[in-house]
Amino acid sequence: MIALVDCNNFYASCERLFRPEYNGRPVIVLSNNDGCVIARSNEAKALGIKMGAVFYMMEEMIKEHQILVFSSNYTLYGDMSARVMNNLARFAPAVEVYSIDECFLDLTGMTDLEAYAHRIRHSVIRNTGIPVSVGIAPTKTLAKLANKMCKHTGGVCVLDTEEKIRQAVETYQVEDLWGIGRAYAAKLITMGINTAADLRNMPIGFIQERLTIQGVRMWNELWGKSCIPVNDALDRKKALCTSRAFSRLTSDLTVLIEATASYASRLSLKLREDKSCATVISVRLLTNRFKTDQPQACPSIAIPLTHPVNNTHDIVHTALAGLRAIYLEGFLYQKVEVMATGLIPESEVQLNIFSKWNGPVYDKLSAVMDQINKHYGRGTVRIAAEGQEQTWAMKRRYLSPAYTTEWKDIIKTK
DNA sequence: TCTGGGGTCCTAGGACCC
DNA sequence: TCTGGGGTCCTAGGACCC
């Protein structure tokens, strides 16, 4: 049997954790640049606020219902996530951290799962303050389904008999299935397939044809046959990306250079944290797709590197060369993306006999910068190309303190 | 004024190899 | 009438996840 443990309204729960006076009040968390709603407390959901709702259109509602608003604070969420996952790791021999707020537990061979699920819930809330739901079933797909079903009914659901599974899939909407997104849901519903049971009752040939191999796996899993194992190994990333909208649109190349240098620098840090090196750096500029009355463009380039690297200097240098190559005048850009692909482990980098390469010097420089920034805070030392003012930097008007990761932000008691 | 930021997997088609 | 049989790699596009 497999358990899926999912944190309830995770970002909203994190924000409220350090502000207990907000319990019982509607809380929303915004995306980067304070653009749209990406997390809601139950009270906010009850007000009818939808996932992805556009924030600037909500002004009246915020006032009327005294909704508490937060900019997203990934430093806080990442740290709270690690605490929750550490706590969960004690409950199973194999766990797979599936996302920032979800974890699969392999409960093979365990008995009295209902009681065990309650123990997991109580442990996490007691040790971290984050409420979770636990769904248990023979497969990952059914565990996801079980978890979603019990979000508002006690937080525990165990589907351990065929009869319980049959009843569950009959009322479960097809668009809520793990693996069915917007496009598939629309197609299936026009064909009269509305519930998980409807889908499960279709012939396998139909599934293979319409939903390809991943659909076949899902279909088998709905019948209780596990096809997606719990993967407790940490897979290496295949790509890393830093992409962010600016606080305002711009056509100014000097602004784009600053932003690109800054994102590339951040990307190189991610590479070093991942202990991998990039063999290809890609850069892409994007205009605002919502402004349909303005000319649109998204020029991009992929630059192969002569030597796999992860130091700040080489990554920034390459990204800026890419930016200059693709920049087109006459467009208002909203965002730049810098991506690293063809990743290889840092320890497996091959030397290149033909190219002169100053990497070691820059590698050392990056290591020193990382040490300083780790001690004194991100951005304490950075390269000049990133700029001083950073007028393009994203909006975070409602940012909460980094309660658990910054000494200056730690909670004080009287 | 204002609409997120990361990732993964699969398929089809084309170019190439022996 | 009729033109082999295996492969790999790459890219673009489309689907999905959180």
Side-chain angles (χ1 to χ4, degrees), chain A residues 4-7 9-11 28-39 50-59 62 69-74 77-78 81 96-104 140-141 144 147-148 174-188 207-218 227-228 231 234-250 263 266-267 270 274 279-280 282 284 286-292 294 298 300-302 304 332 334-343 391-392 394-398:
Chain A
L4 175 69
V5 182
D6 187 309
C7 301
N9 315 325
F10 182 54
Y11 298 169
I28 59 173
V29 178
L30 305 177
S31 63
N32 281 350
N33 272 314
D34 297 337
C36 45
V37 176
I38 56 166
K50 295 275 179 274
M51 186 74 173
V54 179
F55 178 58
Y56 75 85
M57 296 174 171
M58 296 174 55
E59 208 171 315
I62 304 273
V69 180
F70 293 93
S71 300
S72 37
N73 183 346
Y74 288 101
Y77 313 150
S81 172
E96 175 184 344
V97 177
Y98 178 66
S99 74
I100 195 164
D101 70 336
E102 282 172 73
C103 186
F104 287 107
K140 278 186 169 180
T141 304
K144 288 279 280 188
N147 186 292
K148 189 146 188 166
V174 76
E175 68 263 33
D176 293 335
L177 278 171
W178 188 45
I180 299 295
R182 269 216 314 267
Y184 282 158
K187 276 186 210 162
L188 291 171
I207 303 290
Q208 163 81 60
E209 191 187 332
R210 307 289 175 128
L211 307 180
T212 78
I213 185 66
Q214 314 207 73
V216 172
R217 287 190 196 116
M218 176 176 63
C227 295
I228 311 170
N231 175 16
L234 280 181
D235 292 339
R236 294 204 73 91
K237 283 213 169 41
K238 294 169 182 170
L240 282 170
C241 177
T242 298
S243 143
R244 203 152 295 148
F246 314 130
S247 49
R248 62 180 75 93
L249 302 180
T250 184
Y263 295 6
R266 171 105 186 96
L267 179 68
K270 286 189 197 174
D274 195 53
T279 55
V280 178
S282 306
R284 181 153 77 137
L286 294 93
T287 46
N288 186 339
R289 66 199 156 99
F290 293 102
K291 299 211 179 288
T292 46
Q294 284 178 7
C298 69
S300 69
I301 190 171
L332 280 170
Q334 183 195 30
K335 177 193 277 197
V336 62
E337 268 178 27
V338 187
M339 187 151 63
T341 50
L343 304 191
T391 52
W392 42 269
M394 70 174 167
K395 276 186 282 190
R396 300 173 93 181
R397 277 187 293 167
Y398 312 97

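Naming: A, B, ... by sequence-line order, numbering from 1 per chain.
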Enquirer: Would you call the rings of A/Phe104 and A/Tyr98 parallel, tilted or perpendicular if under 30° counts as parallel and over 60° as perpendicular?
Expert: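 Aromatic pair A/Phe104/A/Tyr98 classed perpendicular.
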Enquirer: Over all strands shown, is A/Ile213 touching base, sugar-phosphate only, or nothing at heavy-atom distances under 4.0 angstrom?
Expert: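 Here A/Ile213 touches the backbone only, sparing every base.
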Enquirer: Where the side chain of A/Tyr98 is defined as all heavy atoms beyond and including C-beta, which of B/dT3, C/dC17, B/dG7 is the nearest nucleotide?
Expert: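 The answer is C/dC17, which lies nearest to the side chain.
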Enquirer: Measure from the side-chain heavy atoms of A/Ser31 and tell me the nearest of B/dG4, B/dT3, B/dC10.
Expert: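 Nearest listed nucleotide: B/dG4.
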Enquirer: Quick one: does any side-chain atom of A/Asp6 pair with a main-chain N or O of A/Glu102 as donor and acceptor, under 3.5 Å?
Expert: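 Judged by distance alone, no pair lies under 3.5 Å.
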Enquirer: Which nucleotide in the set B/dG5, C/dC18, B/dT11 lies at the smallest distance from any side-chain heavy atom of A/Ala245?
Expert: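 Within the option list, the nearest is B/dG5.
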Enquirer: Please work out if A/Arg248 contacts a base, only the sugar-phosphate, or nothing of the nucleic acid, heavy-atom cut-off 4.0 Å.
Expert: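 Contact class for A/Arg248: none.
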Enquirer: Measure from the side-chain heavy atoms of A/Cys36 and tell me the nearest of B/dT3, B/dG6, C/dC18.
Expert: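 Nearest listed nucleotide: B/dT3.
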Enquirer: Under 4.0 Å, heavy atoms only, any strand: does A/Asp34 hit a base, just the sugar-phosphate, or nothing?
Expert: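 Here A/Asp34 touches no strand at all.
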Enquirer: May I ask you to say what A/Ala239 touches in the nucleic acid, namely base, sugar-phosphate or nothing, with a heavy-atom cut-off under 4.0 Å?
Expert: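 Sugar-phosphate contact only - A/Ala239 comes under 4.0 Å of backbone atoms but never of a base.
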Enquirer: Starting from Watson-Crick (N1-N3 plus N6-O4 or O6-N4) and G-U wobble pairs under 3.5 Å, report the runs of at least three that DNA chain B belongs to.
Expert: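 Listed by first number, the stems are B:5-18 with C:5-18.
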Enquirer: State which residues pass side chain to side chain contact (heavy atoms under 4.5 Å, CB included) with A/Ala239; sequence neighbours excluded, sorted by chain then number.
Expert: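 A/Thr341.
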Enquirer: Under a 4.5 Å cut-off applied to non-hydrogen side-chain atoms, are A/Trp178 and A/Ile228 in contact?
Expert: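 Yes. Closest side-chain heavy atoms under 4.5 Å.
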Enquirer: Rounded off to whole Å, could you give me the NZ-to-P distance for the A/Lys50 and B/dG4 pair?
Expert: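 In whole Å, B/dG4 P lies 19 Å from A/Lys50 NZ.
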Enquirer: Would you list the protein and nucleotides 14-16 of chain C atom pairs, both N or O, that sit under 3.5 Å from each other?
Expert:
residue: C/dC16; atom: OP1; partner: A/Gly181; partner atom: N; Å: 2.8
residue: C/dC16; atom: OP1; partner: A/Gly181; partner atom: O; Å: 3.2
residue: C/dC16; atom: OP1; partner: A/Tyr184; partner atom: N; Å: 2.8
residue: C/dC16; atom: OP2; partner: A/Ala183; partner atom: N; Å: 3.2
residue: C/dC16; atom: O5'; partner: A/Gly181; partner atom: N; Å: 3.4

Enquirer: For A/Phe70, give me all partners under ring pair (Phe, Tyr, Trp, His ring centres under 6.0 Å), at least two apart in sequence or on another chain.
Expert: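 Not a single residue meets the ring pair (Phe, Tyr, Trp, His ring centres under 6.0 Å) criterion with A/Phe70.
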Enquirer: Closest nucleotide of DNA chain B for A/Tyr74 versus for A/Glu59: which of these residues is on the 5' side?
Expert: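 This one resolves to A/Glu59.
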Enquirer: According to side chain to side chain donor-acceptor pair (under 3.5 Å), who are the partners of A/Arg284, at least two apart in sequence or on a separate chain?
Expert: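 Side chain to side chain donor-acceptor pair (under 3.5 Å) list for A/Arg284, sorted by chain: A/Glu337.
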Enquirer: Base, sugar-phosphate or nothing for A/Arg210? Non-hydrogen atoms, less than 4.0 Å.
Expert: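 Nothing: the residue A/Arg210, judged by heavy atoms under 4.0 Å, touches no strand.
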Enquirer: Between A/Arg217 and B/dC9, is there a side-chain N or O to OP1/OP2 distance below 4.0 Å?
Expert: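 So the side chain of A/Arg217 is outside the cut-off, no N or O lying under 4.0 Å from OP1 or OP2 of B/dC9.
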Enquirer: What nucleotide among B/dG7, B/dC2, B/dT3 has an atom nearest to a side-chain atom of A/Lys237?
Expert: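 Ranking B/dG7, B/dC2, B/dT3 by closest atom to the A/Lys237 side chain puts B/dG7 first.
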Enquirer: Would you mind writing out the side-chain donor-acceptor pairs for residues 243-250 of chain A within the sub-3.5 Å range, not counting sequence neighbours?
Expert:
residue: A/Ser247; atom: OG; partner: A/Thr391; partner atom: O; Å: 3.0
residue: A/Ser247; atom: OG; partner: A/Trp392; partner atom: O; Å: 3.3
residue: A/Ser247; atom: OG; partner: A/Ala393; partner atom: O; Å: 3.3
residue: A/Thr250; atom: OG1; partner: A/Asp252; partner atom: N; Å: 3.0

Enquirer: Looking at residues at least two apart in the chain, or sitting in another chain, which of them share a side chain to side chain contact (heavy atoms under 4.5 Å, CB included) with A/Arg289?
Expert: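 Side chain to side chain contact (heavy atoms under 4.5 Å, CB included) check on A/Arg289 returns A/Gln296.
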Enquirer: May I have the distance from A/Asn32 (atom CG) to B/dG6 (atom C1'), rounded to whole angstrom?
Expert: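 In whole Å, B/dG6 C1' and A/Asn32 CG are 10 Å from each other.
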Enquirer: Select one nucleotide: of C/dC18, B/dG4, B/dG5, the one nearest the side-chain heavy atoms of A/Ser243.
Expert: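 Nucleotide nearest to A/Ser243's side chain: B/dG5.
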Enquirer: Using a heavy-atom cut-off of 4.0 Å across all strands, would you classify A/Leu240 as base, sugar-phosphate, or nothing?
Expert: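 The residue A/Leu240 makes sugar-phosphate contact but no base contact.
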Enquirer: Can you tell me the distance, in whole Å, between the CD atom of A/Glu337 and the C1' atom of B/dG5?
Expert: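 Result: 9 Å.
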Enquirer: So what does A/Ser72 touch, heavy atoms closer than 4.0 Å: a base, only the sugar-phosphate, or nothing?
Expert: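 Result for A/Ser72 = nothing.
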Enquirer: Closest approach to the side chain of A/Lys395, judged atom by atom: which nucleotide of B/dG4, B/dC10, B/dT1 is it?
Expert: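 Within the option list, the nearest is B/dT1.
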Enquirer: If you measure from the P atom in B/dT3 to the same atom in C/dC18, how many Å do you get, rounded?
Expert: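 These two P atoms come out 25 Å apart once rounded.
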Enquirer: When you measure from the side-chain N and O atoms of A/Arg396 to the phosphate of B/dG4, is any distance below 4.0 Å, counting only OP1 and OP2?
Expert: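 No, outside the criterion.
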Enquirer: Can you see which heavy atom on A/Leu4 is nearest to which on A/Lys144, and at what distance?
Expert: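 It is CD2-CD, 3.1 Å.
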Enquirer: With sequence neighbours left out, what residues match A/Tyr77 under side chain to side chain contact (heavy atoms under 4.5 Å, CB included)?
Expert: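 With neighbours one apart ignored, the set is A/Phe10, A/Tyr11, A/Cys14, A/Glu15, A/Val29, A/Ser72, A/Asn73, A/Tyr74, A/Ile100.
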Enquirer: Whole-Å distance between B/dC2 C1' and A/Leu249 CG?
Expert: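 Computing the A/Leu249:CG to B/dC2:C1' distance gives 10 Å.
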Enquirer: Take atom NZ of A/Lys335 and atom P of B/dC2, then tell me their distance rounded to the nearest Å.
Expert: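 My rounded result for the distance is 15 Å.
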Enquirer: Separation of A/Tyr56 atom OH from B/dG4 atom P, in whole Å?
Expert: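 Those two atoms, OH and P, are 11 Å apart.
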Enquirer: Once you round it to whole Å, what is the distance between C1' of B/dG6 and CG of A/Asp274?
Expert: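 From A/Asp274 CG to B/dG6 C1': 14 Å.
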Enquirer: Write down the atom of A/Gly52, the atom of A/Cys36, and the distance for their closest heavy-atom approach.
Expert: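 That closest heavy-atom pairing would be O-CB, 3.5 Å.
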Enquirer: Scan A/Gln334 against the nucleic acid and name what it touches under 4.0 Å (heavy atoms): base, sugar-phosphate only, or nothing.
Expert: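 Here A/Gln334 touches the backbone only, sparing every base.
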Enquirer: With sequence neighbours left out, what residues match A/Asp34 under salt bridge (charged side-chain N to carboxylate O under 4.0 Å, His left out)?
Expert: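 For A/Asp34, no residue satisfies salt bridge (charged side-chain N to carboxylate O under 4.0 Å, His left out) once neighbours in sequence are set aside.
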Enquirer: Given atom CG of A/Asn33 and atom C1' of B/dG6, what is their separation to the nearest angstrom?
Expert: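 In whole Å, B/dG6 C1' lies 15 Å from A/Asn33 CG.
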Enquirer: Can you find a side chain N or O atom of A/Lys291 that sits less than 4.0 Å from OP1 or OP2 on B/dT3?
Expert: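 So the side-chain polar atoms of A/Lys291 never come under 4.0 Å of the phosphate oxygens OP1 or OP2 of B/dT3.
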Enquirer: What nucleotide, of B/dG6, B/dT3, B/dC10, holds the atom closest to the side chain of A/Cys241?
Expert: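 Closest nucleotide among those given: B/dG6.
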